[in-house]
Amino acid sequence: MEKSPISEYLKNITTSPGVYKFLNKSDRVIYVGKAKNLKKRVRSYFTGKKSDEKTRSLVSNISRISVVLVDTESDALLLENNLIKKFKPKYNILLKDGKSYPWICIKNERFPRIFLTRKIINDGSEYFGPYTNIKTINTLLDLINNIYPIRKGNYNLNQKFINDLNNKISLRVLEKKSHFIILGFETENHNSKNLISEKNYNLIINSVKNILKGRFSKSKIQLKQQMISFSNKEEFEKALECKNNLKALENYQSKSMIVSSRIKNLDIYSIVSDNNYAFINFTQVSNGFIISSFNTHVKKTNVIEDQLILEQLISQIKVKFRSKSTELCSNIFVDSMDYKKCIIPKAGDKNHLLLMSIRNIKNYKINIFKSNKNLENLDSFQKTLKILKNDLNMNTLPKHIECFDNSNFQGSFPSSACVVFKNGRPSKKDYRHFNIKSVSSPDDFASMEEVVFRRYSRMIDENKSLPNLIIIDGGKGQLSSSVKSLKKLGLEKKISIIGIAKRLEEIYFYGESTPVYIDKRSPSLKLIQKLRDEAHRFSLRQYRNRRDNSFLDSELQRIPGIGEKTFLNLMKKFKSLKNIKTQKMGELKQIVGAKKAKIIYDHFNS
């Protein structure tokens, strides 16, 4: 809209619902809000005495107002959220949790696939979640895939052919030992018990949707009926499979947090605060089950009142979790057009849920306080090292950390690397490569034992300062091998040492069989991962250099018709050029085929 004096603009503003933007004299957006009645809401900023400092400051900086009209309240919710993300206005409170939570997606396609995703695409697919616990989502997907035959890929057809409604297709399934094996699509019209028609597959998808919505009764009834039917037909193995699936479903249901079958969809927001921060919990209830619980906190700057803070965050949280609830309950009064009903429950199930939400956020506040205690005066690297020290129960601050990694091509060109971080930052002049000398066969444990011994025996000989912490890229085996070398050097009690396994980022301590899991958002785990990834990169570079130099220097390169792939296959098997030269025709033939085997054999035996 064209610029005009504020007072003139307010006279003509519409009463329709929409989103409004306040801009300063530099034409920068400083606040975004939404309203059912734009005229009433926007004018309220300029009438009466404003008690809070934030509103007074905001109004004094408004030079222009812009509005966008919308058709529905949900449109206003999404537009407001998008504009806040885009402009990051000074007077809006931003939801700072940038974590991408996982969802279960049922793809919009024929014979829909079901999978975990962190990215939502508006293509008509259905999304369930988000889930704040990755173990929950994996357990649920495993349960679904055990009970029902769900396709994972396109198999023998392409996606275009599958989605063409003119093509009549079925899914061929083999059921073996309580598991479904998808064999692919069948394009012919066969009458077979191993074929699932599109109609029957869609019934399966409907059953899965009920489970994801917390409606277990239909699937349980269906499994019971199947069990009885198979039992009456004396197909006892299939009856037992149904019984096991039913038990698994009931077991998952019992572990799900049921609050009340009378509560269908409800969003709970609780807020507690001190002079500097506000702490907010969001709990999402769907069909009687708690499906999400989320904690966050914001620093009080322009806005200090709990009501105003929560009202600004509600829209962003609701969009983030794709909530469809029309009812909100909270421990304070809030005025939100995102919900048709906003209550402060005093008794009953909703009050019980609210009290649980308050307990959660108070516990979160205590943990945040403990984590931040004594860290205010440290710089970011020192903070991370302090957190790492606490997470690993170390006695000293790990100012000097070294990390080891091995690389090889199934035994060929075994190499190791040691990278060094000092005060939380890479010290590249201290990085070291190692060519494995004492190990001839692929042995990651022995290789790690060798390089750790060589590294620290030399540091002792040269009277250099030892690290506070050693990180081994690997699990218990690599860690134990490394400790053997430290024991030989008498360093096992002088240096802290851990192993990090890649699969679930487990942290292993020597002598302890159970790993430790550091919070994936913790800066200490990120530092450990950074060291591990840097060691892997540095080790891989040395391996590639050795491989490439070996190939260039090899006599094999002078043989016409022998390329790098053939060379690597031979080295993987025979380890050296000397061994390759002594092989018989039959042994070479097994590795590279008859034609190339004859070329190599003739070259070395002519």
Side-chain angles (χ1 to χ4, degrees), residues 74-75 78 82 100-132 134 136-176 178-216 218-219 222-223 226 245 248-249 252 265 284 286-287 289 291-292 319-324:
S74 61
D75 290 339
L78 292 172
N82 289 336
S100 176
Y101 291 106
W103 299 74
I104 289 179
C105 173
I106 299 182
K107 194 71 176 169
N108 180 26
E109 60 189 359
R110 295 178 74 192
F111 294 88
R113 290 165 292 168
I114 302 173
F115 54 86
L116 180 153
T117 183
R118 292 181 186 271
K119 186 176 182 181
I120 294 176
I121 302 171
N122 294 319
D123 62 352
S125 299
E126 289 190 63
Y127 294 87
F128 297 85
Y131 295 84
T132 51
I134 193 67
T136 301
I137 201 169
N138 286 330
T139 300
L140 193 49
L141 285 172
D142 286 344
L143 175 67
I144 290 166
N145 285 309
N146 281 335
I147 296 176
Y148 300 110
I150 306 297
R151 84 162 170 119
K152 305 293 190 300
N154 295 337
Y155 308 110
N156 53 320
L157 302 177
N158 60 51
Q159 192 65 40
K160 185 177 179 181
F161 186 93
I162 294 170
N163 286 339
D164 188 343
L165 297 175
N166 293 319
N167 298 321
K168 301 297 181 184
I169 53 176
S170 302
L171 201 62
R172 183 171 290 280
V173 177
L174 175 65
E175 190 175 354
K176 193 173 183 180
S178 302
H179 293 287
F180 295 104
I181 302 171
I182 311 295
L183 302 177
F185 284 104
E186 185 66 60
T187 55
E188 300 292 332
N189 287 325
H190 294 302
N191 233 346
S192 171
K193 63 179 181 179
N194 292 329
L195 290 181
I196 300 176
S197 67
E198 186 171 2
K199 180 181 178 181
N200 288 335
Y201 190 87
N202 288 335
L203 292 175
I204 290 170
I205 293 298
N206 287 335
S207 298
V208 171
K209 288 178 183 178
N210 283 325
I211 292 174
L212 294 175
K213 292 174 181 176
R215 301 169 186 163
F216 296 94
K218 287 185 179 179
S219 294
Q222 182 184 5
L223 285 169
Q226 289 177 354
N245 288 334
L249 189 61
Y252 177 81
N265 290 291
Q284 188 177 14
S286 177
N287 294 300
F289 291 84
I291 61 171
S292 296
V319 170
K320 182 180 183 69
F321 285 85
R322 293 171 70 94
S323 170
K324 296 178 181 177

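As the structure is a prediction and not an experimental result, all values here were calculated from the model.
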V208 versus I147: any side-chain heavy-atom pair under 4.5 Å?
no
Assess the residue pair N202 and K199 against the criterion (side chain to side chain contact (heavy atoms under 4.5 Å, CB included)); give the C-alpha distance rounded to whole Å, side-chain angles, the decisive distance to 0.1 Å, and a yes or no.
CA-CA 5 Å; N202 288 335; K199 180 181 178 181; 5.8 Å; no
Can you name the closest pair of heavy atoms from D123 and N108 and give their distance?
O-ND2, 2.9 Å
Side chain to side chain contact (heavy atoms under 4.5 Å, CB included) for R151 and L171? Distances and angles first, verdict last.
CA-CA 8 Å; R151 84 162 170 119; L171 201 62; 4.1 Å; yes
Distance in Å, L116 CG paired with C105 SG, rounded so as to fall on 0.5 Å steps
10.0 Å
Could you check whether the rings of Y201 and F111 sit parallel, tilted or perpendicular, using 30° and 60° as the cut-offs?
tilted
Quick one, K107 with F115, criterion side chain to side chain contact (heavy atoms under 4.5 Å, CB included). Give me CA distance, side-chain angles, the key distance, then yes/no.
CA-CA 8 Å; K107 194 71 176 169; F115 54 86; 4.2 Å; yes
Can you sort out the partners of S207 under side-chain contact (heavy atoms from CB on, under 4.5 Å), two or more places apart, ordered by chain and number?
Y148, S219, Q222
For R322, which residues count as a salt bridge (Lys or Arg N to Asp or Glu O under 4.0 Å) partner, sequence neighbours excluded?
none
Is the shortest heavy-atom distance from the side chain of R110 to the side chain of L165 under 4.5 Å?
yes
Would you say that L212 contacts I106 through its side chain, given a criterion of any heavy-atom pair below 4.5 Å between the two side chains?
yes
Sequence neighbours excluded, which residues qualify as salt bridge (Lys or Arg N to Asp or Glu O under 4.0 Å) partners of E126?
K209
Minimum heavy-atom separation for Y155 to F185, with atom names?
CD1-CE1, 4.1 Å
Closest contact, heavy atoms only, R118 versus P102:
NH1-CD, 3.5 Å
Measuring only between side-chain heavy atoms, which start at C-beta, is L157 closer than 4.5 Å to T187?
yes
Give the minimum heavy-atom separation between Q159 and R113, together with the two atoms involved.
OE1-NH2, 4.1 Å
NZ of K324: more than 12 outside heavy atoms within 6.0 angstrom?
no
So S170 and E198, do their side chains get closer than 4.5 Å, heavy atoms only?
no
N154 versus I162: any side-chain heavy-atom pair under 4.5 Å?
yes
To the nearest 0.5 Å, tell me how far I150 CD1 sits from L141 CG.
10.0 Å
pair F161-D164: side-chain heavy atoms closer than 4.5 Å
no
Tell me the closest heavy-atom pair linking L195 and E186, and the distance in Å.
CD2-CB, 3.7 Å
May I ask you to test the I114-I205 pair for a side-chain heavy-atom distance under 4.5 Å?
yes
